[in-house]
Amino acid sequence: MARTQPGKLPELSRLITGHYHERKGYRVDRPVGIRDWILIYTLSGAGRIYREDRDVTATTHDIVVLKPDTAHGYETDEATGYWELLWTHFLPRPSWEDWLHWPEPVEGVMHLSLRDERARREVIAALFRMHELNASYLHQREELGLNA
């Protein structure tokens, strides 16, 4: 079943995380974008991230980062039929600015493919740890998650 979300999320703190296993038909449309950054790591399967008439396919071990206020949508890739992804909405600290200059095949949509096995393991572990901390009952869960 398709999920369509309005253009703006409710006020958020600095971090929202998730781990999804989606099948064919999963879709999110944000025609005006949102105010935060979105990072999507594809664990398996594939997703299509689209902006106007251009798109980026995120396959296993790809990372896509969507810039704030970027009109976009994303969906499970038709050919694969499923998409397992770790995702986070975040508001970066000012000191992170230099880290957010990645290849941008489509304006507002950055894309990296992790081909190094060690880097994959480290990034996946960090994202799962971030999600685990952010979902915890710890008083400083958001700061701990951002640190991860």
Side-chain angles (χ1 to χ4, degrees), residues 2-23 26-80 82-136 141-148:
R3 289 188 217 170
T4 301
Q5 298 178 353
K8 299 288 182 188
L9 287 174
E11 276 301 308
L12 62 122
S13 41
R14 293 175 56 103
L15 185 67
I16 300 173
T17 62
H19 177 205
Y20 286 173
H21 299 261
E22 298 297 341
R23 298 279 177 221
Y26 170 68
R27 181 183 180 118
V28 173
D29 289 303
R30 295 193 179 107
V32 296
I34 55 177
R35 71 177 180 89
D36 52 336
W37 295 72
I38 305 169
L39 181 145
I40 300 170
Y41 186 100
T42 300
L43 291 165
S44 63
R48 185 178 75 90
I49 294 87
Y50 51 90
R51 175 165 164 58
E52 297 167 355
D53 62 346
R54 302 200 51 209
D55 62 290
V56 172
T57 300
T59 59
T60 303
H61 304 301
D62 283 358
I63 303 172
V64 172
V65 174
L66 296 157
K67 291 181 173 181
D69 302 315
T70 298
H72 68 275
Y74 47 88
E75 64 188 359
T76 303
D77 181 69
E78 283 289 320
T80 306
Y82 73 99
W83 191 17
E84 181 183 5
L85 57 146
L86 283 165
W87 58 267
T88 182
H89 289 255
F90 66 100
L91 298 173
R93 294 179 172 129
S95 62
W96 296 5
E97 185 176 330
D98 289 342
W99 301 342
L100 296 171
H101 297 287
W102 294 13
E104 197 169 330
V106 176
E107 184 181 349
V109 181
M110 299 184 291
H111 181 243
L112 287 177
S113 295
L114 284 183
R115 299 298 169 223
D116 180 76
E117 184 63 34
R118 183 177 176 195
R120 289 177 187 169
R121 284 192 311 267
E122 290 177 6
V123 169
I124 291 168
L127 290 172
F128 270 115
R129 181 74 176 141
M130 177 186 62
H131 179 53
E132 176 184 288
L133 287 164
N134 194 53
S136 75
R141 67 182 173 269
E142 183 178 295
E143 286 302 315
L144 292 167
L146 282 168
N147 189 55

*So do Arg23 and Thr76 actually touch side chain to side chain, heavy atoms under 4.5 Å?*
no
*Quick check: does any side chain N or O of Trp83 sit under 3.5 Å from a backbone N or O of Thr80, one acting as donor and the other as acceptor?*
no
*Do His101 and Trp99 make the cut of ring centroids closer than 6.0 angstrom?*
no
*Would Phe90 and Asp36 count as a side chain to side chain contact (heavy atoms under 4.5 Å, CB included) if you check the C-alpha gap in whole Å, the side-chain angles of each, and the deciding distance to 0.1 Å?*
CA-CA 6 Å; Phe90 66 100; Asp36 52 336; over 6 Å; no
*State which residues pass side-chain hydrogen bond (donor to acceptor under 3.5 Å, both in side chains) with Glu132; sequence neighbours excluded, sorted by chain then number.*
Arg129
_Rounded to the nearest 0.5 Å, what separates atom CG in Leu85 from atom OH in Tyr26?_
6.0 Å
_With a 4.5 Å cut-off on side-chain heavy atoms, are Arg48 and Glu78 touching?_
no
_Just verifying a value: how many Å separate Asp29 CG and Glu75 CD, rounded to the nearest 0.5 Å?_
8.0 Å
_His21 side chain reached by Tyr82 side chain, heavy atoms, under 4.5 Å_ = no
*Identify the two heavy atoms, one from Ala46 and one from Thr57, that lie closest to each other, and give their separation to 0.1 Å.*
CB-CG2, 4.4 Å
_A side-chain contact here means heavy atoms from C-beta on lying under 4.5 Å apart; do Leu127 and Leu39 qualify?_
yes
*Any side-chain donor-acceptor pair under 3.5 Å between Thr42 and Asp62?*
no
*Looking at NE2 of His131 and OG1 of Thr88, how far apart are the two atoms once the value is rounded to the nearest 0.5 Å?*
10.0 Å
_Arg51 and His72: side chain donor to acceptor below 3.5 Å_ = no
*Do His111 and Glu104 get their side chains close enough for a donor-acceptor pair, meaning under 3.5 Å?*
no
*What are the two closest non-hydrogen atoms of Val64 and Ala58, and how far apart are they?*
CG2-CB, 3.9 Å
*Nearest 0.5 Å, what's the CG-CZ distance between Asp69 and Arg35?*
10.0 Å
_Between Ser95 and Arg93, a side-chain donor and acceptor under 3.5 Å_ = no
*asked:* Run the side chain to side chain contact (heavy atoms under 4.5 Å, CB included) test on Trp102 and Val65 for me, step by step, so that the C-alpha distance in whole Å, both residues' side-chain angles and the decisive distance to 0.1 Å come before the verdict.
replied: CA-CA 9 Å; Trp102 294 13; Val65 174; 3.4 Å; yes
*If you draw a 6.0 Å radius around CD in Glu117, do more than 12 non-hydrogen atoms from other residues or ligands fall strictly inside?*
yes
*asked:* I need the minimum non-hydrogen distance between Ile63 and Tyr41, along with the two atoms involved.
replied: CG1-CD1, 3.3 Å
*Do Arg54 and Glu107 meet the salt-bridge criterion of a basic N to acidic O distance under 4.0 Å?*
no
*Please assess Ile38 against Lys67 for the test side chain to side chain contact (heavy atoms under 4.5 Å, CB included), listing each intermediate value before the final yes or no.*
CA-CA 7 Å; Ile38 305 169; Lys67 291 181 173 181; over 6 Å; no
*Under the side chain to side chain contact (heavy atoms under 4.5 Å, CB included) rule, what do Ile34 and Thr70 come out as? Steps first, then yes or no, please.*
CA-CA 7 Å; Ile34 55 177; Thr70 298; over 6 Å; no
*Do Val123 and Leu114 have side chains that get closer than 4.5 Å, going by heavy atoms?*
yes
*Evaluate the side-chain proximity of Leu43 to His19: yes if any heavy-atom separation is below 4.5 Å, no if none is.*
yes
*Can you see which heavy atom on Met110 is nearest to which on Leu100, and at what distance?*
SD-O, 3.6 Å
_Looking at every non-hydrogen atom in both residues, tell me the closest pair between Ala71 and Pro31 and how far apart they are._
CB-O, 3.1 Å
*At what distance, to the nearest 0.5 angstrom, does CD1 of Ile16 lie from NE2 of His89?*
6.0 Å
*Looking only at side chains, do Tyr74 and Asp55 share a donor and an acceptor under 3.5 Å apart?*
no
_Beyond-backbone contact of Trp37 with Leu66, side-chain heavy atoms, under 4.5 angstrom_ = no
